[in-house]
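Below you'll find the structure, written out as structure tokens, and then a few comments.
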Amino acid sequence: MIKKILIASAVILVTSAGLASAEALKVDKSLKSYKAVGGVSGNLNSIGSDTLNNLMTMWAEGFRKKYPNVNIQIEGKGSSTAPQALVAGTAQLGPMSREMKNSEIDAFVKKYGYKPTKIAVAIDTIALFVNKDTPLKSLSLQQVDAIFSKNRKRGYPSAITTWGQLGVTGKMAAQPISLYGRNSASGTYGFFKEQALAKGDFKSMVKEQPGSASVVQGITKDKNGIGYSGLGYMTSGVKILALSAKAGQPAYEATYANAITNKYPLSRFLYIYIALDPKKPLPKLTEEFLKFVLSKEGQEIVIKDGFLPLTGQMSAKNLSILK
């Protein structure tokens, strides 16, 4: 969940607490515009998060408009592939929708002798998607846990397997709930397991998908489906359920306003990890790409892709890491 110390600077992004659409957002006026520099060319490889795949592609397109001689290759098969690629030296950029695990950091340190550098580049909310025709409107995290986890560490009294157990009536009540999720290589999988399931284990019947878009596509075709994915993958074939942190508490929609005020319980930063040798300057191509990502133009692309932009204060903090 986004740390509360960031709320004060983040809340200025939202013109009204009730606004839900990406179009209602504007980037922080204190974000600086990107200024192109000379001598930037070459190849840049990005390997990592599927959640960030579209965003990385859009950033790359914007960056190439400023630097036509730059070639950027992007591969998004899951956050767990980023540390491996950085250690192997097959990528300069390792986008991740979660923080690196200690074991991944240790492997990196063993190779380079220093720790990987983490750059926060956007904010995301993990949404619970159901088919657009599903009458259900909200869930508590205890119910989410009982739907997806075999352990029920949040204390719900029984496993939830049918729609009737969630208060749905009519013919759908007796129908089994069809579960969709990400595979274990995904940072979204790890985040959901930790934050929603209290580190419990997923049920074996969860249909693990290779990408976030596949989760949404599956639920679009399956009227009994429910699944989790980044908010940016919303389509007209699904709807998003409001969530409450605990049973009996108010349920909040997965809006940007609710995410940055910590009312919505499943929000996170998205990162790009790099190998930044403390004794050497960052290669110019990598540095300029990250500067573009953290600029006014880069954060406008974040909004365009359905995610929440960083504030000027957040951007400045991350830019200072590159120096």
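What you see is a predicted model, and the numbers here were worked out from it, not measured in a lab.
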Given the rule in the side-chain hydrogen bond (donor to acceptor under 3.5 Å, both in side chains) test, do Q84 and S80 qualify, once you have shown the distances and angles that lead to the verdict? CA-CA 7 Å; Q84 299 169 8; S80 67; 4.9 Å; no

Mark yes when over 12 heavy atoms from residues, nucleotides or ligands other than K223 sit less than 6.0 Å from its NZ; otherwise mark no. no

D201 pairs by side chain to side chain donor-acceptor pair (under 3.5 Å) with which of K193, K153, K150? K193

Is there any side-chain hydrogen bond (donor to acceptor under 3.5 Å, both in side chains) pair reaching into residues 273-284, and which pairs are they, with sequence neighbours excluded? none

Does E253 use its side chain to pair, donor to acceptor, with the backbone of A242 at less than 3.5 Å? no

Non-hydrogen atoms of S267 and T125 that approach each other most closely: CB-CG2, 4.0 Å

Is the backbone N or O of A196 less than 3.5 Å from a side-chain atom of R154, with the two atoms forming a donor-acceptor pair by type? yes

Between Q73 (side chain) and N71 (backbone), is there a donor-acceptor pair under 3.5 Å? no

Expected output: side-chain N258 to main-chain Y264 donor-acceptor under 3.5 Å: no

Any salt bridge (Lys or Arg N to Asp or Glu O under 4.0 Å) involving residues 37-66? Give me the pairs, sequence neighbours left out, ordered by first then second residue. D50-R182

Checking E297 against S295 for the side-chain hydrogen bond (donor to acceptor under 3.5 Å, both in side chains) test, could you report, in this order, the C-alpha distance in whole Å, the side-chain angles of both residues, the deciding distance, and whether it holds? CA-CA 5 Å; E297 292 87 345; S295 71; 3.3 Å; yes

Minimum-distance pair of heavy atoms, taken over all atoms of K118 and E99: NZ-OE2, 2.8 Å

Mind listing the closest non-hydrogen atom pair of E208 and N183 along with its distance? OE1-CA, 3.7 Å

Heavy-atom pair of closest approach, residues P95 and L52: CB-CD1, 3.6 Å

Could you check whether any side-chain heavy atom of D305 comes within less than 4.5 Å of a side-chain heavy atom of W59, counting everything from C-beta outward? no

From N224, N131, D222, residue fulfilling side chain to side chain donor-acceptor pair (under 3.5 Å) relative to S178: D222

Can any side-chain N or O of Q165 pair as donor or acceptor with the backbone N or O of A159 at less than 3.5 Å? yes

A quick test of your reading: do over 12 heavy atoms of other residues, nucleotides or ligands sit less than 6.0 Å from NZ of K32? no

F192/F148 aromatic ring centres below 6.0 Å: yes

Note, F191 side chain near I126 side chain (heavy atom, < 4.5 Å): yes

So, do P83 and M96 sit near enough that their side-chain heavy atoms are less than 4.5 Å apart? yes

Treating Q299 as the side-chain partner and L310 as the backbone partner, does any N or O pair qualify as donor plus acceptor under 3.5 Å? yes

Verdict with reasoning, V215 to T188, per side chain to side chain contact (heavy atoms under 4.5 Å, CB included): CA-CA 12 Å; V215 173; T188 303; over 6 Å; no

Which heavy atom in I240 sits nearest to a heavy atom in A254, and how many Å separate them? CG2-CB, 4.1 Å

Would you check, one step at a time, whether the test side chain to side chain contact (heavy atoms under 4.5 Å, CB included) holds for M56 with I272? CA-CA 10 Å; M56 290 297 295; I272 294 177; 3.7 Å; yes

Quick one: does K203's side chain get under 4.5 Å of T161's, heavy atoms only? yes

Would you say the side-chain atoms of T134 and K239 include a donor-acceptor pair closer than 3.5 Å? no

So, R152 and S158: side-chain donor and acceptor under 3.5 Å apart, yes or no? no

Of the non-hydrogen atoms in P265 and L141, which two are nearest, and what is the gap between them? CB-CD1, 3.9 Å

With ring-ring contact (aromatic ring centres under 6.0 Å, His included) as the rule and sequence neighbours excluded, what pairs involving residues 67-119 come up? F63-Y67, F108-Y112, F108-Y114, Y112-Y114

Do the non-hydrogen side-chain atoms of Q313 and K317 ever get within less than 4.5 Å of each other? no

Using a 4.5 Å cut-off on heavy atoms from C-beta on, say whether the side chain of L128 contacts that of L266. yes

